[in-house]
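Read the structure below first, then the notes.
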4 protein chains.
Amino acid sequence: MMKLAPPTTRHRRKEARPQELLDAALALFVRKGFSAARSEEVAALAGVSKGTLYLYFPSKEELFKAVVRRNLSALIAEGQQIADRFEGPSAQLLRLLMHTWWQRVGSTPAGGIFKIIVAEVRNFPELAQFYTDEVVVPAQRLIAGTLQRGIDRGEFRPVPLPEATHTLIAPLLFLALYQHSIGACAMMRPGLKPEALIDAQIDLMLHGLSPHTSTPLRRPRRSRA
Amino acid sequence: MMKLAPPTTRHRRKEARPQELLDAALALFVRKGFSAARSEEVAALAGVSKGTLYLYFPSKEELFKAVVRRNLSALIAEGQQIADRFEGPSAQLLRLLMHTWWQRVGSTPAGGIFKIIVAEVRNFPELAQFYTDEVVVPAQRLIAGTLQRGIDRGEFRPVPLPEATHTLIAPLLFLALYQHSIGACAMMRPGLKPEALIDAQIDLMLHGLSPHTSTPLRRPRRSRA
Amino acid sequence: MMKLAPPTTRHRRKEARPQELLDAALALFVRKGFSAARSEEVAALAGVSKGTLYLYFPSKEELFKAVVRRNLSALIAEGQQIADRFEGPSAQLLRLLMHTWWQRVGSTPAGGIFKIIVAEVRNFPELAQFYTDEVVVPAQRLIAGTLQRGIDRGEFRPVPLPEATHTLIAPLLFLALYQHSIGACAMMRPGLKPEALIDAQIDLMLHGLSPHTSTPLRRPRRSRA
Amino acid sequence: MMKLAPPTTRHRRKEARPQELLDAALALFVRKGFSAARSEEVAALAGVSKGTLYLYFPSKEELFKAVVRRNLSALIAEGQQIADRFEGPSAQLLRLLMHTWWQRVGSTPAGGIFKIIVAEVRNFPELAQFYTDEVVVPAQRLIAGTLQRGIDRGEFRPVPLPEATHTLIAPLLFLALYQHSIGACAMMRPGLKPEALIDAQIDLMLHGLSPHTSTPLRRPRRSRA
DNA sequence: AATGAATGAGATTTCATTCAT
DNA sequence: GATGAATGAAATCTCATTCAT
């Protein structure tokens, strides 16, 4: 009776365990990498013993996959929904998508997953397929679609889609990667403000380096003359 | 008897050993990561036995550091020299630097070093300092300097240097990273042609997405004709 | 609420628990051996949870001993009673004892106990004494007594008792052993019919391989000449 | 030069290692069973460390199979050769085969393999096939062939071959089993003398329990005198 | 009495490193 | 210098057992 009654300690913990373990695993995998992170450390970070971890995940590898699924799969649909509903200018949509991504992924522990993927994917072939299907393809579709939208609406020049997509995505992912690798090792200069980077990047992408005037600028230097 | 017989081969090999071991280690570390690469495999790939490896490097960890140092130190000076000597338009210099980097680093095994750095730097803190000093700072100085050159010469708009630098560097490094991680796991779409990516990126960076002119610019280089 | 509702089922089960657990343990120990059988499997097979098993038996080891004791103790007296009451020819008594044993033990799960004993007795020294006292000695007494009875009544030759007893018992026990080990692994030829084996064995034991005539047959071949 | 020169300590050990490990494994597997015997104990008994064991056998299971192969495969052909060359009476051949088996197998550590097989074969299905092919079938063929030989030569009655074969083999195997299980647990009565058992069994098998002659035959062999 | 989440000792297996040859 | 047999610390994973509910 009264399902709302406060669950017992034991039960509350039971239900929270998987998430606690996934959080601990994410933190440790990001910090040390998949193989350097010991199962027992993950368990300890989640406040349980070694054996308990294996009550919830059958192997370290499955734990890793669960971390990826849990932290990335949810995010895929979101971006697409934002794009589908958006009605304003394409440049603004690009900016929105990037800021959203940074807030939801890049600036969170989940941003470290890209580092793990990069570091370990060659040793886990099935993960490569999973990650490509679940993350790479949808993300590219989203950005490429937005570019196409801008082109169709006359907002963007007809740039080559795959290359432009890569050029747009790379700086953000690279920043996430950086922050969880070299950037995490103190002593660095303060580094870029991600939000500022995004804005600057959007500006650069929209208007280019060349100081265009009212006349078409084909070759920047000569056009001034 | 006859130990004196074929001195050339033996001596040549002896002197070449360290480099052969470093090459083998680089290849294996890039392919499998630091901890998954077994010392014995490295030795085997270099054509020596396990014990011999330890005659040249006191531990796997030191071998790893030597690999990184060895393969990055060469890269530093080159770019700066190219920039210092260059006299043409800044956009062309950017393009030259990027193509050169791709030919000399991105498309070679050394391109995999960035993956190793990203994967392991947090477990080897002293590498972080080394890498920052030897690679990150000079590279940023090089690109930022080129941007500044363009701005000074009136070729580029006065964009914020750090952000623009990042935006220029990221896609190339990211491509290198990608090719040594997910991109190495078959079954992917053919992928981008790096050379084409560089050109498209330069075009995008110079002119932006927005159609400032009356005629769209698809192939900047051709637009000269 | 309604905890009082179905008392019959609950009470019946409660009293039957130990036996259900012993049966489950017997089945699993016979199938997998003592260490390969997991406690939880035993409990599950008995329809209870892991914890409940430990309410009835303080450890897996004690459970094992209880299984052996429980399933062997019943077997002892029966055979002796049959023998004590029997009035016909000794050969017929032997046959009766063997068939009875096969029906009651050899062909039932209890037949697998011998396999467990053989496999584990060295790791459970106290079982050895128990098994010797409770099974080996009475069984040998029973068979040896029957042989003696036959000899006394002039039905059998005066053979050496210990050896003849062994020779009579071994084939049946061995068959039981076989059926729970190699014989359980499919792909075998259909195998012996136990009942037929018993009859053939009795015939062999009674009349021997030699084609005896009216004259004593000491060395078969030469005796023909 | 001088391949006959005494090998170095290191080398001598290297070559002897596999056999030393197999012997240690056999002893321990027989004593404790497969799963209760720890890999480290096996290594220690062979005078090496845990790791060394894995230099020679890729897993405990493979070690186990190697033990079985090594100790049983050699025995197969021998018996058949003895039978093929034998020219005397079939009863004597049976006796010879049995005594030989006892000397070469039953009374040696290899006799304990049957216990291991019985105990573990259900958990190693491929072992069942191997053992059936390599041991069971050839052994049955050997004994059945000898019986047939006796029947053909008029030395034996035409008994049913499968059952008689089983009846002949079982007591010996059972004795081996017994000695490595209950029989190994001290405090037992002295037990049967295997050699005497074999003789008594042969006598029993040849002449049966029934007194066909006017004079009882207690000791067939002595009856010649 | 019954449950099953949690524990942690212990087993197998790997591999960086050593060192006798 | 070169080798590769040997080592043993360490990692993953299992499972008998406990105990809060």
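To find a chain, count down the sequence lines: A is the first, B the second, and so on, and within it residues start at 1. Quick caveat, the model's predicted, so the values are computed rather than measured.
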**Request:** Start with the C-alpha gap between Y54(A) and S39(A), add the side-chain angles, then the distance that decides, and say whether side-chain hydrogen bond (donor to acceptor under 3.5 Å, both in side chains) holds.
**Result:** CA-CA 9 Å; Y54(A) 285 87; S39(A) 297; 3.2 Å; yes

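If you check every strand for non-hydrogen atoms under 4.0 Å, S39(A) touches sugar and phosphate atoms only. At a threshold of 4.0 angstrom between heavy atoms, the contacts of A37(D) are confined to the sugar-phosphate backbone, with no base atom among them. A43(D) comes within contact range of no nucleotide atom at all, as no heavy-atom separation falls under 4.0 Å.
L72(C) CG to F130(C) CZ: the interatomic distance, rounded to the nearest 0.5 Å, is 6.0 Å.
Straight-line distance from the CZ atom of F57(A) to the P atom of dC13(F): 13 Å, rounded to whole Å. What separates NZ of K50(A) from P of dG10(E) is a distance of 11 Å, to the nearest Å. At whole-Å resolution of the value, CG in L28(A) and P in dA11(F) are 12 Å apart. Rounded to an integer number of Å, the gap from E61(A) CD to dA11(F) P is 18 Å.
Within the 4.5 Å cutoff, side-chain heavy atoms of F64(A) are placed close to those of V68(A).
For dA5(F), neither phosphate oxygen OP1 nor OP2 lies less than 4.0 angstrom from any side-chain nitrogen or oxygen of Y56(D). Between K60(C) and dA16(F) there is a side-chain N or O to OP1 or OP2 distance below 4.0 Å. OP1 or OP2 of dT3(E) lies within a sub-4.0 Å distance of a side-chain N or O belonging to T52(C). The side chain of S49(D) contributes an N or O atom lying less than 4.0 Å from OP1 or OP2 of dT7(F).
Along DNA chain F, the nucleotide closest to S59(C) and the one closest to P58(A) are compared, and the more 5′ of them pairs with P58(A).
Remark: R69(B) is not positioned above the aromatic ring of Y131(B), lacking an NZ or CZ atom under 6.0 angstrom from the ring centre and at most 45 degrees off the axis. A cation-pi contact links K60(C) to F34(C), judged by a cut-off of 6.0 Å to the six-membered ring centre and 45° from its axis.
For dT21(E), the paired base is dA2(F) (Watson-Crick or G-U wobble, both distances below 3.5 Å). In this entry dT13(E) has dA10(F) as its Watson-Crick or G-U wobble partner, both defining distances falling under 3.5 Å.
Checking dT12(F), dT3(F), dA5(E) against every side-chain atom of Y54(A), the shortest atom distance belongs to dT12(F).
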